[in-house]
Amino acid sequence: MMTRIAIYWGMLVLLLVAELAAARAGIGIAVSVLAILMVLVIVLGFMQILHAPKLAIIFALGGLFWLTILLALGSLDSFTRTTVLVHDVNITG
C-alpha cells in the first residue's frame with residue numbers, strides 16, 4: 001500500500017519538475033500535457049477510479065464537468081473586462 005503511494009507520489013514530483021522546466025522554457029503545450037498527466041496519475045493512481053463503484057465515477061465526472069465550467073467562466077473574466085482610465089482629480093476642501 002505505502003509502496004504504491006510512494007510510486008505515485010514520485011511520479012507526481014517528476015511530472016512537477018518537468019512541468020516547471022517546460023514553463024521556464026516557454027513551451028506552453030508541454031505544460032498543458034504534463035498537467036493532464038498529473039491529473040491522470042491522481043485519478044487513476046490515488047483515487048483508483050477504475051475500481052470504484054459506478055456512483056463514485058458519476059460524481060467524479062460531475063465534479064470534472066463543474067470544474068470545467070467554473071474555469072471557463074473564470075477565464076472569460078479577463079476577456080470581458082474593460083479598462084477605464086481614471087483621471088487624477090485634485091479635490092480641495
Hphob cluster co-occupancy, [X] + [Y], side-chain heavy atoms under 4.5 angstrom:
{"X": "Val31", "Y": "Val17", "result": "no"}
{"X": "Leu14", "Y": "Met38", "result": "no"}
{"X": "Ile49", "Y": "Ile58", "result": "no"}
{"X": "Leu20", "Y": "Ile42", "result": "yes"}

With a cut-off of 6.0 Å (strictly less than), are more than 12 heavy atoms of other residues, nucleotides or ligands near CG of Leu76?
yes
Other than [X], which residues form its hydrophobic cluster under the rule that side-chain heavy atoms must be closer than 4.5 Å?
{"X": "Leu70", "result": "none"}
{"X": "Leu67", "result": "Leu71"}
{"X": "Phe59", "result": "Leu55"}

Partner residues of [X] under the side chain to side chain contact (heavy atoms under 4.5 Å, CB included) criterion, sequence neighbours left out:
{"X": "Ala30", "answer": "Ala22, Ile27"}
{"X": "Ala56", "answer": "Ala52, Pro53"}
{"X": "Leu61", "answer": "Ile57"}
{"X": "Ile7", "answer": "Thr3, Met11"}

Given Leu37 and Leu34, is the side-chain contact (heavy atoms from CB on, under 4.5 Å) satisfied, shown in steps?
CA-CA 5 Å; Leu37 286 175; Leu34 290 168; 4.3 Å; yes
Interatomic spacing from CG in Leu40 to CE in Met47 - rounded to 0.5 Å
11.5 Å
Going by the side-chain hydrogen bond (donor to acceptor under 3.5 Å, both in side chains) test, which pairs reach into residues 52-77, not counting sequence neighbours?
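Residue pairs passing side-chain hydrogen bond (donor to acceptor under 3.5 Å, both in side chains), neighbours aside: Asp77-Arg81.
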Shortest non-hydrogen separation from Arg4 to Gly45 and the atoms involved:
NH1-O, 3.0 Å
What pair of heavy atoms forms the shortest contact from Leu12 to Phe46, and how long is it?
CD1-CE1, 3.5 Å
Apply side-chain contact (heavy atoms from CB on, under 4.5 Å) to the pair Val13 and Trp9, showing each step before the final yes or no.
CA-CA 6 Å; Val13 170; Trp9 181 80; 3.7 Å; yes
If a pair satisfies salt bridge (charged side-chain N to carboxylate O under 4.0 Å, His left out) and one of its residues is in residues 28-37, list it, with sequence neighbours excluded.
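Qualifying pairs, neighbours excluded: none.
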